[in-house]
There are 2 protein chains.
Amino acid sequence: MKESIVKDRILDTASRLFYDQGYHVTGINQIIDEADIARASLYNHFASKTDLLLAYLDRTHDLWFRELENTLAPLSTSRDKLLALFDFRIQRQRNSGYRGCHFNKITAEASEDEAVFQRVKVHKERFREFIRHLVKQTWHRHMLDDDALTDAIFLLLEGGIALGAMFRNSEDAEKAKRIVLSLL
Amino acid sequence: MKESIVKDRILDTASRLFYDQGYHVTGINQIIDEADIARASLYNHFASKTDLLLAYLDRTHDLWFRELENTLAPLSTSRDKLLALFDFRIQRQRNSGYRGCHFNKITAEASEDEAVFQRVKVHKERFREFIRHLVKQTWHRHMLDDDALTDAIFLLLEGGIALGAMFRNSEDAEKAKRIVLSLL
DNA sequence: GTCTATAAAATGATAGAC
DNA sequence: GTCTATCATTTTATAGAC
């Protein structure tokens with residue numbers, strides 16, 4: 001359908017601008033301009049700018065976990081998969097200019113909105129459980145118990161990505177990976 | 001001087017609103033309204049809204065390290081001081097509604113601005129070196145070398161605070177502290 | 001130095017033609 | 001469903017009186 005193409009183009013453009021520039025600094029004008037669609041077409045597909053934001057978050061969440069699972073699928077051991085979590089996110093940051101986690105970013109801008117807040121929590125909690133699942137499959141004895149190791153990996157990775165946005169590089173995420181390596 | 005009082009009130013109000021609501025969502029109108037000053041008074045003391053933002057970042061940076069040093073001063077061992085870093089930041093988050101690190105927040109909104117970007121880097125780098133200095137003073141043997149332990153503490157703490165903003169609690173920062181406890 | 005009044009531009013959103 | 005024209009607000013910033 002032709003309508004889908006327009007809707008996708010709106011969402012693609014908005015997603016890129018929301019992440020690259022920020023949500024509030026991105027105006028409707030710029031979105032319709034860069035997506036090359038009419039003003040009212042946007043409001044035909046999305047009820048409001050907030051609605052567009054929620055669609056962006058939902059799609060980002062879905063794509064994020066799909067890409068993650070595709071990346072880990074070829075790996076055989078859970079240890080390799082845990083280490084690949086870092087490579088996955090470092091690679092994504094490299095490709096998108098080190099602007100950090102989408103959900104950390106939007107928390108800083110629009111977390112007063114309850115619908116946004118809920119989506120952020122769901123995303124991060126799912127990732128935490130994803131890690132926990134992998135940790136429980138590892139056979140080796142660790143110096144930390146399963147829950148502590150899960151928390152450590154999660155915290156080190158989130159800290160590394162957040163600092164990566166503040167320094168515009170992946171050094172801290174790489175350091176986080178090395179620390180996890182010594183904890184496994 | 002009377003002028004200083006006005007200037008301080010502008011900066012106090014702007015700082016509160018920038019952190020609580022966000023930078024872009026806070027308009028000049030709201031600042032002059034809540035600070036109860038005239039429109040032109042703001043532009044008499046600050047050249048632009050960006051200038052006000054930079055003043056906010058500079059003052060936050062200065063106050064942050066002064067409070068940190070005051071908090072750690074009564075403690076005798078560097079081990080206690082390292083653990084108190086977590087308490088310091090958890091307490092600050094508790095008192096300010098869990099909106100996370102000021103510098104992480106502004107990175108998400110205005111890191112394209114080179115002057116903002118520089119201040120964020122300086123703040124975080126100074127904190128990293130602050131941690132490193134304490135780590136080097138600890139006498140016990142660690143399972144990680146000094147640099148790795150410094151990175152681990154830094155990453156775990158930053159991760160914990162960032163997640164605290166996303167979940168609006170201090171659970172992850174508390175977990176980070178416990179993990180550091182087992183690493184020391 | 002502080003004030004009020006105002007400017008020029010951009011904001012999110014809607015009406016109505018096709 | 002897509003379009004152009006337009007709405008009422010709000011934005012940052014300035015001019016000029018006191």
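Every chain is numbered from 1, with letters handed out A, B, ... down the list of sequences.
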Next item on the list: Measure the distance from NE2 on A/H24 to P on C/dA10 and round it to the nearest whole Å.
Entry: 19 Å

Next item on the list: Round to a whole Å and report the spacing from CG of A/L42 to C1' of C/dT11.
Entry: 14 Å

Check: Reckon B/H45 has a side-chain N or O less than 4.0 Å from the OP1 or OP2 of C/dT2?
Finding: yes

Notebook entry, point to check: Parallel, tilted or perpendicular: which fits the ring planes of A/Y19 and A/H102, with parallel below 30° and perpendicular above 60°?
Noted result: parallel

Item checked: Proximal nucleotide (of D/dT2, C/dG12, D/dT12) relative to the A/N44 side chain -> D/dT2

Check: In whole Å, what is the span from the OH atom of B/Y43 to the P atom of C/dT6?
Finding: 18 Å

Next item on the list: Would you classify A/T26 as touching base, sugar-phosphate or nothing, given that sugar-phosphate means primed atoms plus P, OP1 and OP2, and contacts are heavy atoms under 4.0 Å?
Entry: sugar-phosphate

Check: Quick one: A/D33 CG to D/dT4 P, roughly how many Å, whole number?
Finding: 12 Å

Margin query: Tell me the interatomic distance from A/D36, atom CG, to D/dT4, atom P, rounded to whole angstroms.
Written below: 10 Å

Next item on the list: Give the nucleotide from the list D/dC3, C/dC3, C/dG12 with an atom nearest to the side chain of B/I37.
Entry: C/dC3

Notebook entry, point to check: Taking the side chain from B/R132 and the backbone from B/T150, do they hold a donor-acceptor pair closer than 3.5 Å?
Noted result: no

Check: Where the side chain of B/A38 is defined as all heavy atoms beyond and including C-beta, which of D/dT2, C/dG12, C/dC3 is the nearest nucleotide?
Finding: C/dC3

Item checked: A/A47 vs A/Q30, nearer the 5' end of DNA chain C by closest nucleotide -> A/Q30

Check: Rounding to a whole Å, what distance do you find between A/D51:CG and C/dG12:P?
Finding: 14 Å

Notebook entry, point to check: Nearest to the side chain of B/A40, which nucleotide is it out of D/dA15, C/dG1, D/dT2?
Noted result: D/dA15

Checklist line | Greater than 12 external heavy atoms within 6.0 Å of B/E171's CD | finding: no

Next item on the list: Hey, can you tell me if A/H123 and A/F103 have their rings parallel, tilted or perpendicular (30° and 60° cut-offs)?
Entry: parallel

Margin query: Can you work out whether B/S41 or A/K49 has the more 5'-proximal nearest nucleotide on DNA chain C?
Written below: B/S41

Item checked: Whole-Å gap separating C1' (C/dT2) and CZ (B/R9) -> 12 Å

Check: Are A/I10 and A/L63 connected, step by step, through hydrophobic side chains (Ile, Leu, Val, Met, Phe, Trp, Tyr) whose heavy atoms are closer than 4.5 Å?
Finding: no

Check: What's the CD1-P distance between B/I5 and C/dG1, to the nearest Å?
Finding: 13 Å

Check: Are any of A/N29's side-chain N or O atoms less than 4.0 Å away from OP1 or OP2 of C/dG12?
Finding: no

